[in-house]
S.K.: 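One structure, as structure tokens, below. Some questions next.
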Amino acid sequence: MNDQPVAMPRIGDAAPEFKALTTQGDIHFPNDYKGSWVILFSHPADFTPVCTSEFITFASMEEQFGQANCKLVGLSIDGIYSHIAWLRTIKEKIEYRGMKNVEVNFPLIEDISMEVAKKYGMIQPGESTTKAVRAVFIIDPKGIVRAMIYYPLSLGRNFDELYRAVLALKTSDEFGIATPADWRPGDDVIMSPAGSCNAAKSRVEGKEEGLHCQDWFFCTKKIDKETILKKILKK
């Protein structure tokens with residue numbers, strides 16, 4: 001038996017491939033999602049309160065993510081029948097923050113063998129050897145891992161931040177810029193630092209139209225919200 005640990009994917013790596021049974025049928029990941037952004041996320045177990053609050057929130061935001069061409073895929077190491085029963089219970093019995101009768105339509109992966117969870121580093125022995133931590137992978141339309149966030153079992157995720165991260169990554173790709181702390185569409189974006197002494201001097205002297213430079217390395221630019229959303233959201 002090979003007990004060597006599986007290397008966790010890193011930002012910039014191709015998302016590890018797998019085939020799996022889900023609540024929406026079989027999937028081949030990430031091949032089935034080419035052309036779309038994807039959030040692949042794990043949760044510790046079905047029929048647990050923190051996970052329930054998260055699934056209600058994610059399901060309520062599925063259309064919002066869809067407008068950003070981003071699909072959702074969940075995973076836990078529970079079986080498919082447990083998944084189905086839990087999602088049915090969520091729809092029929094659970095209300096959270098005014099959200100009720102919520103139907104989860106995105107796929108929830110069965111991973112009893114923990115094969116997928118191990119490929120993605122979702123099993124972290126310091127936290128648990130039998131449950132996946134709350135891992136989040138944002139994967140781009142080419143199947144490349146663009147961002148990863150890990151939470152412990154006790155900490156529910158901030159889904160507004162996950163949505164913001166998708167929008168920021170898409171904006172960066174579309175406009176060739178970076179986004180500063182707490183950025184949201186309509187806020188100033190950050191331009192790459194000048195690549196030469198002459199370019200730096202030109203920026204500091206205000207010769208580049210549309211840039212606001214506090215120093216040669218810190219220049220921002222205004223891109224209005226409508227221009228950004230027109231590019232990164234579906235019509």
Side-chain angles (χ1 to χ4, degrees), residues 8-16 29-41 54 57-58 60-73 106 120-121 134-151 155 157-235:
M8 291 170 55
R10 297 168 295 186
I11 292 173
D13 286 350
F29 192 90
N31 299 36
D32 291 347
Y33 295 88
K34 286 181 179 177
S36 298
W37 289 77
V38 185
I39 290 182
L40 172 65
F41 68 101
E54 290 191 322
T57 304
F58 237 156
S60 297
M61 294 177 69
E62 185 177 13
E63 183 177 351
Q64 185 178 348
F65 277 96
Q67 289 175 351
N69 190 32
C70 182
K71 297 183 178 180
L72 310 176
V73 180
F106 57 82
Y120 280 82
R134 299 182 196 282
V136 179
F137 291 84
I138 301 177
I139 298 164
D140 72 15
K142 295 180 181 178
I144 302 300
V145 176
R146 297 294 299 277
M148 303 181 299
I149 310 173
Y150 283 79
Y151 299 77
L155 180 60
R157 287 165 275 216
N158 183 315
F159 291 88
D160 287 334
E161 167 58 13
L162 300 184
Y163 181 69
R164 188 194 75 89
V166 171
L167 297 190
L169 287 166
K170 295 188 70 173
T171 300
S172 180
D173 287 357
E174 287 286 348
F175 294 92
I177 52 82
T179 54
D182 296 329
W183 178 89
R184 292 184 181 277
D187 295 343
D188 289 355
V189 299
I190 290 179
M191 307 304 293
S192 299
S196 68
C197 292
N198 285 338
K201 181 180 178 182
S202 179
R203 285 188 173 189
V204 171
E205 292 176 350
K207 294 180 179 179
E208 289 194 39
E209 187 178 353
L211 294 190
H212 174 67
C213 295
Q214 299 188 40
D215 206 334
W216 66 270
F217 70 94
F218 195 96
C219 295
T220 60
K221 181 178 181 179
K222 183 71 175 178
I223 305 177
D224 68 84
K225 183 176 180 179
E226 291 306 314
T227 298
I228 289 174
L229 295 182
K230 189 176 180 179
K231 277 281 189 180
I232 66 174
L233 297 184
K234 293 180 179 180
K235 295 181 180 179

S.K.: Could you tell me whether the side chain of Met148 reaches within less than 4.5 Å of the side chain of Val136, counting heavy atoms only?
M.R.: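 Val136 vs Met148: side chains apart.
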
S.K.: Mark yes when over 12 heavy atoms from residues, nucleotides or ligands other than Trp216 sit less than 6.0 Å from its CH2; otherwise mark no.
M.R.: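 Atom CH2 in Trp216 is not crowded, with 12 or fewer foreign heavy atoms closer than 6.0 Å.
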
S.K.: Using every non-hydrogen atom in the two residues, find where Asp182 and Asp187 come nearest and quote the distance to one decimal.
M.R.: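 Answer, listing the atom of Asp182 first, then Asp187: O-OD2, 3.8 Å.
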
S.K.: To the nearest 0.5 Å, how far apart are CG in Leu211 and OG in Ser202?
M.R.: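 OG of Ser202 is found 9.0 Å from CG of Leu211.
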
S.K.: Could you give the distance from OG1 (Thr220) to CE (Met191), rounded to the nearest 0.5 Å?
M.R.: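 The distance works out to 9.5 Å.
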
S.K.: Using every non-hydrogen atom in the two residues, find where Ala15 and Val145 come nearest and quote the distance to one decimal.
M.R.: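 For Ala15 and Val145, the tightest heavy-atom pair comes out as CA-CG2, 4.0 Å.
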
S.K.: Does any non-hydrogen side-chain atom of Ile177 lie less than 4.5 Å from one of Thr171?
M.R.: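 Yes. Closest side-chain heavy atoms under 4.5 Å.
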
S.K.: Between Asp13 and Arg10, is there a side-chain N and carboxylate O pair less than 4.0 Å apart?
M.R.: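 Arg10 and Asp13: salt-bridged.
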
S.K.: Does the side chain of Leu40 reach to within under 4.5 Å of the side chain of Tyr120, using non-hydrogen atoms?
M.R.: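 In short, these two side chains touch, coming nearer than 4.5 Å.
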
S.K.: Find out whether Gln64 and Glu62 are in side-chain contact, i.e. whether some heavy atom of one side chain is under 4.5 Å from a heavy atom of the other.
M.R.: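 No. Closest side-chain heavy atoms not under 4.5 Å.
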
S.K.: Nearest 0.5 angstrom please: Cys213 SG to Lys221 NZ, how far?
M.R.: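 One finds 11.5 Å between SG of Cys213 and NZ of Lys221.
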
S.K.: How about Ile232 and Leu167: do any of their side-chain heavy atoms sit closer than 4.5 Å?
M.R.: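 Yes, at least one pair of side-chain atoms sits under 4.5 Å.
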
S.K.: Can any side-chain N or O of Lys170 pair as donor or acceptor with the backbone N or O of Ala68 at less than 3.5 Å?
M.R.: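 Between the backbone of Ala68 and the side chain of Lys170 there is a qualifying donor-acceptor contact (under 3.5 Å).
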
S.K.: Hey, is Arg134 close enough to Glu54 for a salt bridge, meaning N to O under 4.0 Å?
M.R.: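 Salt bridge flag = yes for Glu54 with Arg134.
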
S.K.: Within the side chain of Arg164, is there an N or O that forms a donor-acceptor pair under 3.5 Å with the backbone of Trp183?
M.R.: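 Present.
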
S.K.: Whether the side chain of Asp215 engages the backbone of Phe218 through a donor-acceptor N/O pair (distance < 3.5 Å, no angle test) should be reported.
M.R.: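 Not confirmed, Asp215 side chain does not pair with Phe218 backbone.
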
S.K.: I need the minimum non-hydrogen distance between Arg203 and Cys219, along with the two atoms involved.
M.R.: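 Shortest heavy-atom separation between Arg203 and Cys219 comes out as CD-SG, 3.7 Å.
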
S.K.: If every non-hydrogen atom of Ile144 is compared with every non-hydrogen atom of Ala14, which pair is closest and at what distance?
M.R.: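 Taking every non-hydrogen atom into account, CD1-CA, 3.9 Å.
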
S.K.: Out of curiosity, Leu162 CG to Leu72 CG, how far, rounded to the nearest 0.5 Å?
M.R.: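 Leu162 CG to Leu72 CG: 9.5 Å, rounded to 0.5 Å.
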
S.K.: Counting neighbours of CG on Asp224 that are heavy atoms of other residues, nucleotides or ligands and sit closer than 6.0 Å, is the number greater than 12?
M.R.: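 Above 12, so yes.
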
S.K.: Between Arg184 and Asp160, is there a salt bridge with N-O shorter than 4.0 Å?
M.R.: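 Looking at Asp160 and Arg184, the cut-off is not met.
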
S.K.: What is the distance from atom CD1 of Ile138 to atom CD1 of Ile11, rounded to the nearest 0.5 Å?
M.R.: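 Atom-to-atom, Ile138:CD1 and Ile11:CD1 are 9.5 Å apart.
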
S.K.: Show the nearest heavy-atom pair for residues Pro30 and Pro16, with the distance to one decimal.
M.R.: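 In terms of heavy atoms, the two residues are closest at CD-O, 4.2 Å.
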
S.K.: With a 4.5 Å cut-off on side-chain heavy atoms, are Ile39 and Val166 touching?
M.R.: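 Answer yes - side chains close enough.
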
S.K.: Side chains of Ile149 and Phe137: closer than 4.5 Å at any heavy-atom pair?
M.R.: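 A side-chain contact under 4.5 Å is absent here.
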
S.K.: Donor-acceptor pair, Asn69 side chain versus Gly35 backbone, under 3.5 Å?
M.R.: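 Confirmed, Asn69 side chain pairs with Gly35 backbone.
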
S.K.: What distance do Ser172 atom OG and Ile190 atom CD1 have between them, rounded to the nearest 0.5 Å?
M.R.: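 Taking OG in Ser172 and CD1 in Ile190, the distance rounds to 11.0 Å.
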
S.K.: With sequence neighbours excluded, tell me which residues meet ring-ring contact (aromatic ring centres under 6.0 Å, His included) with Phe58.
M.R.: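 With sequence neighbours excluded, Phe58 shows a ring-ring contact (aromatic ring centres under 6.0 Å, His included) to Phe41, Phe65, Phe159, given in chain and number order.
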
S.K.: For Lys222, does the NZ atom sit with more than 12 other heavy atoms under 6.0 Å from it, leaving out its own atoms?
M.R.: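 Check passes, neighbour count above 12.
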
S.K.: Does the side chain of Trp37 reach to within under 4.5 Å of the side chain of Lys71, using non-hydrogen atoms?
M.R.: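 A side-chain contact under 4.5 Å is absent here.
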
